[in-house]
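Since the structure comes first, as structure tokens, the remarks are kept for the end.
Just so you know, these numbers use all the heavy atoms, side chains as well, and skip hydrogens, waters and symmetry mates. Position 1 is the first residue of the sequence, and the numbers go up from there. Every value quoted in this text rests on a predicted model; they were computed, and no experiment measured them.
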Amino acid sequence: MPDAPFDLILLPTWLVPVEPASVVLENHALCIRDGRIALIAPREEALKHRTHECRELPGMMLTPGLINAHGHGAMTLFRGLADDLPLMTWLKEHIWPAEAKWVDESFARDGTELAIAEQLQSGVTCFSDMYFFPEIISEQVHDSGIRAQICVPILDFPIPGARTADEALRKGVALFDDLKHHPRINIALGPHAPYSVSDDKFETIRVLVAEMDVAIHMHVHETAHEVQQALADHGERPLARLARMQLLGPRFQAVHMTQVDDEDLRLLVENNCSVIHCPESNLKLASGFCPVERLWTAGVNVAIGTDGAASNNDLDLLGETRTAALLAKAVAGSATALDAHRALRLATLNGARALGIDGCTGSLEMGKFADLVAFDLSSLAQQPIYDPVSQLIYASGRSCVRHVWVGGKQLLDDRRLTRMDEAKLIATAQEWGRKIGASDRPRV
């Protein structure tokens, strides 16, 4: 009995699987069946098979979809509200008061929808989101077709949608139970930071993580001040405190990590933790520099995130990856640090590993979900092309994203969102801007 026909055959000029590393395939095809990659082969061989649809992608490079490993999606509605301020001033005097005033279910819904659309147009097929009303976020992810890790925010003080940390945890467990079989959504626990969560809550989180087998996603060592304050308050660095409470492990996602000493590095390596690097947010808030090359060389899995649009101010993961590559060279004092191929790996397979989904996405391999992005490298400013991956990282922007598929379903077709109304999203965001801007003028 002959094999069933493919649903789709894609014929790009270049195909970059990411695994194996540093490989660029020319004159190859990628074939999709039932939402998964069914074949990668020379185009002549692939075209011998039956298919329902065949698409030529001239001048385009097909890669795994980008993975934004850290962000606060709904904060798109605070984009530009309080710029050019240090982290704690930004948080305590501007963002937290604005959140207390404005964040409700409709804010979470509209802001997340805007963030998803922006990320799809930027080539992102999966994102990790840490924001209030995670049940609302999950609805938007479900409807949009994108893939996501949704982190349940936990803090010692009341937050929108949860009056206490215990209430947030109860709701998080219920959401996990509702979505544990969802094909595109994973739930994680998101204690905000070591300085905003007490030891007793961390113990509850430790027990729940063991019972539920979920990840912990947390801001850690974001600034030098955070580490200095922890030493003053607890007599130990934040990462050491988390290790003492047995929170570190392969499912631990440490976001930022701009402060890394030898003992921090040992703990990260021994516990097989992942670090989520957010270079542009760290630069804008003057938080410090994550030593990416040092971490990579030691064997730490490093992924990349945009952080929220209130501190970035965009969700452009390709631009973030270029910044990461350039910054890594300056921090390491070496022009060979984080070359273009490794930078792309940072934004794809390493992100999948950090989120615990590298078995099903993050690289173009047989059997994995067809989470794909086609980058158009045909413009004047990208010529000539010697290494298409280098050209993508150093000479391209998100405007070169032409097509995006998640699980074989096309969510961006020739730069057009297939499931979302772009004009409506813009109008909704502008309405929020008018309301927030009328009463929340940023202080300088």
**Request:** Measure the OG1-CD distance between T321 and E280 for me, rounded to the nearest 0.5 Å.
**Result:** 9.0 Å
**Prompt:** Does the side-chain hydrogen bond (donor to acceptor under 3.5 Å, both in side chains) test come out yes or no for D371 and T361, once each step is laid out?
**Reply:** CA-CA 7 Å; D371 295 354; T361 192; 2.9 Å; yes
**Asked** Which one of H72, M75, E139, Q140 satisfies the side-chain contact (heavy atoms from CB on, under 4.5 Å) criterion with T112?
**Response** Q140
**Request:** For residues L315 and S122, determine if any side-chain heavy atom of one lies less than 4.5 Å from a side-chain heavy atom of the other.
**Result:** no
**Item:** R345 side chain reached by R353 side chain, heavy atoms, under 4.5 Å
**Value:** yes
**Request:** Return yes when atom NE2 of H182 has more than 12 non-hydrogen atoms of other residues, nucleotides or ligands closer than 6.0 Å, and no otherwise.
**Result:** yes
**Asked** Can you list the steps and then say if E222 with Y195 is a side-chain hydrogen bond (donor to acceptor under 3.5 Å, both in side chains)?
**Response** CA-CA 11 Å; E222 186 169 359; Y195 59 81; 4.8 Å; no
**Prompt:** Is the shortest heavy-atom distance from the side chain of D199 to the side chain of R241 under 4.5 Å?
**Reply:** yes
**Request:** Would you check if the side chain of R109 reaches a backbone N or O of A74 as a donor-acceptor pair within less than 3.5 Å?
**Result:** no
**Item:** Residue of the set V404, V401, L346, L317 for which side-chain contact (heavy atoms from CB on, under 4.5 Å) holds with L66
**Value:** L317
**Close side-chain approach of L30 and I37, heavy atoms under 4.5 Å** = yes
**Asked** Short question: side chain of H277, backbone of I304 - any donor-acceptor pair under 3.5 Å?
**Response** no
**Prompt:** How far apart are the C-alpha atoms of D83 and K284, what are their side-chain angles, what is the distance that settles it, and do they pass the salt bridge (charged side-chain N to carboxylate O under 4.0 Å, His left out) test?
**Reply:** CA-CA 9 Å; D83 284 336; K284 185 163 178 278; 2.8 Å; yes
**Prompt:** With a 4.0 Å cut-off, would you call E118 and R79 a salt bridge?
**Reply:** yes
**Item:** Exercise: identify the closest heavy-atom pair between S311 and S281
**Value:** OG-OG, 3.1 Å
**SB check E422 R416 (cutoff 4.0 Å)** = no
**Polar side chain donor-acceptor pair, D413 to T418, under 3.5 angstrom** = no
**Message:** Which residue is it: F132, W102, W432? I am looking for the one with a ring pair (Phe, Tyr, Trp, His ring centres under 6.0 Å) to F107.
**Reply:** W432
**Asked** Between Q253 and Q149, do the side chains contain an N or O donor and an N or O acceptor separated by less than 3.5 Å?
**Response** yes
**Asked** With ring centroids as reference points, do H221 and H256 lie under 6.0 angstrom apart?
**Response** no
**Message:** If you count every heavy atom of other residues, nucleotides or ligands that lies below 6.0 Å from F289 atom CZ, does the total exceed 12?
**Reply:** no
**Request:** Would you check if H341 and D387 make a side-chain contact, meaning some heavy-atom pair closer than 4.5 Å?
**Result:** yes
**Prompt:** Heavy-atom distance under 4.5 Å between the side chains of L120 and M420, does that happen here?
**Reply:** yes
**Request:** Verify salt bridge (charged side-chain N to carboxylate O under 4.0 Å, His left out) between K435 and E431, making sure each step is shown before the conclusion.
**Result:** CA-CA 6 Å; K435 288 193 297 185; E431 179 58 30; 5.6 Å; no
**Asked** For atom CZ of R163, is the number of surrounding heavy atoms from other residues, nucleotides or ligands below 6.0 Å larger than 12?
**Response** no
**Request:** With the side chain counted from C-beta on, respond yes when V255 and V220 share a heavy-atom pair under 4.5 Å apart, and no when they do not.
**Result:** no
**Item:** Full working for side-chain hydrogen bond (donor to acceptor under 3.5 Å, both in side chains) between E167 and T164
**Value:** CA-CA 5 Å; E167 182 182 358; T164 65; 4.7 Å; no
**Prompt:** With sequence neighbours left out, which residue pairs that include part of residues 318-340 fulfil the salt bridge (Lys or Arg N to Asp or Glu O under 4.0 Å) condition?
**Reply:** D339-R342
**Prompt:** Which is it for R251 and D213 under the salt bridge (charged side-chain N to carboxylate O under 4.0 Å, His left out) test, yes or no, and what are the steps along the way?
**Reply:** CA-CA 9 Å; R251 305 297 303 277; D213 189 26; 3.3 Å; yes
**Item:** Smallest separation among heavy atoms of L62 and L57, with atom names
**Value:** CD1-CD1, 4.4 Å
**Request:** For the pair E263 and R266, find out whether any cationic side-chain nitrogen is under 4.0 Å from an anionic carboxylate oxygen.
**Result:** yes
**Trace of the salt bridge (charged side-chain N to carboxylate O under 4.0 Å, His left out) decision for D110 with K424** = CA-CA 11 Å; D110 293 343; K424 182 181 177 183; over 6 Å; no
